[in-house]
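Reckoned from all heavy atoms, side chains included, excluding hydrogens, waters and symmetry mates. Lettering of chains follows the sequences in order, A, B, ..., and the numbering in each one begins at 1.
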There are 2 protein chains.
Amino acid sequence: MSRPGTKGVPREQREQQILEIATTEFGGRGYAYTSLTDIATAAGVSKPLIYTYFGSRDGLHAACVQRAGKSLVDAVASAQTVSGADKALATLTAIFRALDGQTENWKLIYDTTLPRPSEAYALAREYQDALNTMGAEGVAEVLAGSDDADDHSLLLALWFSIVSTTIAWWSENPTQTPQQMTERCLRLFTAVRQPA
Amino acid sequence: MSRPGTKGVPREQREQQILEIATTEFGGRGYAYTSLTDIATAAGVSKPLIYTYFGSRDGLHAACVQRAGKSLVDAVASAQTVSGADKALATLTAIFRALDGQTENWKLIYDTTLPRPSEAYALAREYQDALNTMGAEGVAEVLAGSDDADDHSLLLALWFSIVSTTIAWWSENPTQTPQQMTERCLRLFTAVRQPA
DNA sequence: CGGAGAATTGACTCTACGGTAAATTACCGC
DNA sequence: GCGGTAATTTACCGTAGAGTCAATTCTCCG
């Protein structure tokens with residue numbers, strides 16, 4: 001593309017730029033289908049530069065995941081109002097508000113093409129669990145009477161996947177506002193609750 | 001490994017053997033992380049043989065998906081008793097019974113590492129949809145009053161993911177019998193229904 | 001103005017994988 | 001027994017992607 005030699009962009013700034021693009025790429029196509037060459041091209045930068053800054057493909061990916069994960073956790077935490085009843089639904093609402101505009105981050109953290117097991121998956125999983133735990137309290141409430149560990153385990157997994165699916169649905173129907181999503185979920189929730 | 005020349009195994013039989021092994025490999029590690037060399041080695045057969053019989057990696061994968069998909073659809077269809085109330089739960093039960101021993105097939109059809117979009121994904125998706133539709137009737141019932149298409153769309157996606165997640169959980173806790181799974185789901189279902 | 005160090009790249013290596021060509025062996029009908 | 005055909009392999013090609021080396025240019029400080 002262009003000649004070698006510095007362009008005067010300081011490292012910190014380039015790193016941020018690369019992280020943003022890489023997050024979009026990794027999140028969009030998935031880890032398994034995103035090559036460093038792809039990212040370098042998209043970022044308008046050469047491959048060796050990425051290596052000098054992030055060490056390896058996995059290093060870059062890890063950096064993206066950390067950034068995205070922190071951002072999501074912060075957003076959800078600060079959006080979470082301590083509502084009394086129906087904590088689960090409140091958490092969903094918080095997530096919807098927090099996610100407005102960070103769907104790339106979400107897709108990165110919940111990338112299903114990550115190899116399992118792997119370092120990359122383990123790291124993403126940490127943030128998944130962190131976000132998960134924020135909703136777990138309300139979920140555990142539902143099974144207050146029971147002490148069956150497997151029941152809790154499965155219900156948590158289900159909660160997990162419900163959130164993921166809803167977000168995925170949202171990112172395929174992006175015209176929806178957080179407000180609308182909340183209302184929609186409330187409708188479905190109550191509909192399911194009512195005996196048929 | 002061994003010298004060329006036939007070993008007297010007829011084509012049909014070899015094909016079946018390869019299909020079985022390939023299903024396990026594709027289903028286990030995921031499409032994105034399973035190479036033909038892996039499969040050939042696991043099947044104790046050479047790569048060109050697979051090409052002669054299935055044409056390409058995608059050809060082999062497609063054959064696996066068809067086989068697995070048909071088997072699953074058949075099993076679920078025949079296990080599905082027309083119970084009156086709570087069709088969704090009945091379908092889940094049917095799936096649990098049908099799935100006993102075919103978790104490999106399930107993992108293949110619901111492989112999340114498939115590239116999207118792609119022929120391979122489209123085919124797997126067909127069977128996902130087919131299985132999905134079998135439960136969809138009960139799901140639609142829940143929203144009998146509403147005609148909001150988006151509501152139906154999201155709820156269907158959720159149903160979808162609930163089934164997937166439960167199966168995934170099961171395949172990580174394989175000591176559970178279908179009976180136990182059914183009871184567990186019933187417990188969770190009623191627990192969620194009761195207002196907290 | 002000169003040079004040290006940061007920023008940046010083109011061009012390379014190595015490996016793994018999808019796919020192919022051609023040769024080899026065993027079986028089966030005549 | 002013999003030739004045709006089905007079954008099967010070894011050895012190879014082309015490509016793409018991870019990772020590396022050494023050279024080049026800019027900036028900024030003295």
Side-chain angles (χ1 to χ4, degrees), chain A residues 1-22 25-26 28-65 111 113-115 118-121, chain B residues 1-22 25-26 28-65 111 113-115 118-121:
Chain A
M1 275 291 172
S2 68
R3 328 210 306 277
T6 182
K7 282 163 196 151
V9 182
R11 173 164 186 161
E12 180 63 24
Q13 190 178 329
R14 261 284 136 80
E15 282 183 355
Q16 292 308 317
Q17 174 204 348
I18 294 173
L19 281 178
E20 261 173 54
I21 304 268
E25 296 285 316
F26 275 135
R29 258 166 284 183
Y31 174 90
Y33 301 100
T34 306
S35 75
L36 254 175
T37 312
D38 289 343
I39 296 173
T41 304
V45 127
S46 77
K47 223 168 29 153
L49 188 64
I50 300 189
Y51 277 94
T52 19
Y53 286 170
F54 298 97
S56 70
R57 184 172 102 117
D58 281 1
L60 172 60
H61 182 261
C64 290
V65 168
D111 184 355
T113 76
L114 286 169
S118 71
E119 290 287 326
Y121 175 69
Chain B
M1 272 290 172
S2 68
R3 327 208 307 274
T6 183
K7 283 162 193 153
V9 182
R11 174 165 185 158
E12 180 63 25
Q13 190 177 329
R14 261 285 134 83
E15 283 184 354
Q16 292 309 317
Q17 174 206 346
I18 294 173
L19 280 178
E20 262 174 51
I21 305 264
E25 297 285 316
F26 275 135
R29 255 165 288 182
Y31 174 90
Y33 300 100
T34 307
S35 74
L36 254 176
T37 313
D38 289 343
I39 296 174
T41 305
V45 127
S46 78
K47 227 172 22 158
L49 188 63
I50 299 188
Y51 277 95
T52 332
Y53 286 170
F54 298 96
S56 70
R57 184 173 102 116
D58 281 359
L60 172 60
H61 183 261
C64 289
V65 168
D111 184 355
T113 77
L114 286 169
S118 71
E119 289 288 326
Y121 175 70

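Within the helix from C:dC1-D:dG30 to C:dC30-D:dG1, the inter-axis angle between the opening and closing five-pair segments is 10°, rounded to 10°.
In this entry the distance linking CD of A:Gln16 with P of C:dA7 reads 14 Å, nearest Å. Here D:dA6 presents its C1' atom at 10 Å from CZ of B:Arg11, a figure rounded to the nearest Å. Across the protein-nucleic acid pair, B:Tyr33 atom OH and D:dG17 atom P stand 14 Å apart, rounded to whole Å. Rounding to whole angstrom units, CD of residue B:Gln17 and C1' of D:dA7 are separated by 13 Å. The distance from atom NZ of A:Lys47 to atom P of C:dC14 is 15 Å, rounded to the nearest whole Å. Counting to the nearest Å, the P atom of D:dT20 and the CG atom of A:Leu36 are 11 Å from each other.
Residue contacts for B:Ser46: at a heavy-atom cut-off of 4.0 Å it reaches a base atom on one of the strands shown.
Partners of B:Ser118 according to the side-chain contact (heavy atoms from CB on, under 4.5 Å) rule, which considers only residues two or more places apart in sequence or in another chain, are B:Pro115, B:Ala120, B:Tyr121. For the side-chain contact (heavy atoms from CB on, under 4.5 Å) test, residues two or more places apart in sequence or in another chain that qualify with A:Thr41 are A:Thr37. Take A:Gln16 and apply the side-chain contact (heavy atoms from CB on, under 4.5 Å) test, not counting sequence neighbours, and it matches A:Glu12, A:Leu19, A:Arg67.
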Heteroatom pairs (N/O) under 3.5 angstrom, protein to nucleotides 25-30 of chain D:
residue: D:dT25; atom: O2; partner: A:Thr6; partner atom: N; Å: 3.2

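Residues from residues 48-64 of chain A placing a heavy atom under 4.0 Å of any atom in DNA chain D, listed by number, are A:Pro48, A:Tyr51, A:Ser56, A:Arg57.
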Under 3.5 Å, which donor-acceptor pairs do the side chains of residues 42-51 of chain B form with other protein atoms, sequence neighbours left out?
none

Would you be so kind as to tabulate the donor-acceptor pairs closer than 3.5 Å made by side chains of residues 55-62 of chain A, with sequence neighbours excluded?
residue: A:Ser56; atom: OG; partner: A:Asp58; partner atom: N; Å: 3.4
residue: A:Ser56; atom: OG; partner: A:Gly59; partner atom: N; Å: 2.9
residue: A:Arg57; atom: NH1; partner: A:Tyr31; partner atom: O; Å: 3.3
residue: A:Arg57; atom: NH1; partner: A:Thr34; partner atom: O; Å: 2.5
residue: A:Arg57; atom: NH2; partner: A:Tyr31; partner atom: OH; Å: 3.4
residue: A:Asp58; atom: OD1; partner: A:Tyr31; partner atom: OH; Å: 2.5

Should A:Lys7 and A:Ser2 be marked as a side chain to side chain contact (heavy atoms under 4.5 Å, CB included) after you check the CA-CA gap, both sets of side-chain angles, and the distance that decides it?
-> CA-CA 10 Å; A:Lys7 282 163 196 151; A:Ser2 68; 3.1 Å; yes

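What you find for A:Leu114 and B:Tyr33 is that their closest heavy atoms are C-OH, 3.8 Å. Shown here for A:Phe26 and A:Asp111, the closest heavy-atom pair between the two residues is O-OD2, 4.0 Å.
No more than 12 heavy atoms of other residues, nucleotides or ligands shown are found within 6.0 angstrom of CD on B:Glu119.
Sorted by first and then second residue, the salt bridge (Lys or Arg N to Asp or Glu O under 4.0 Å) pairs involving residues 32-44 of chain B (not counting sequence neighbours) are B:Arg29-B:Asp38.
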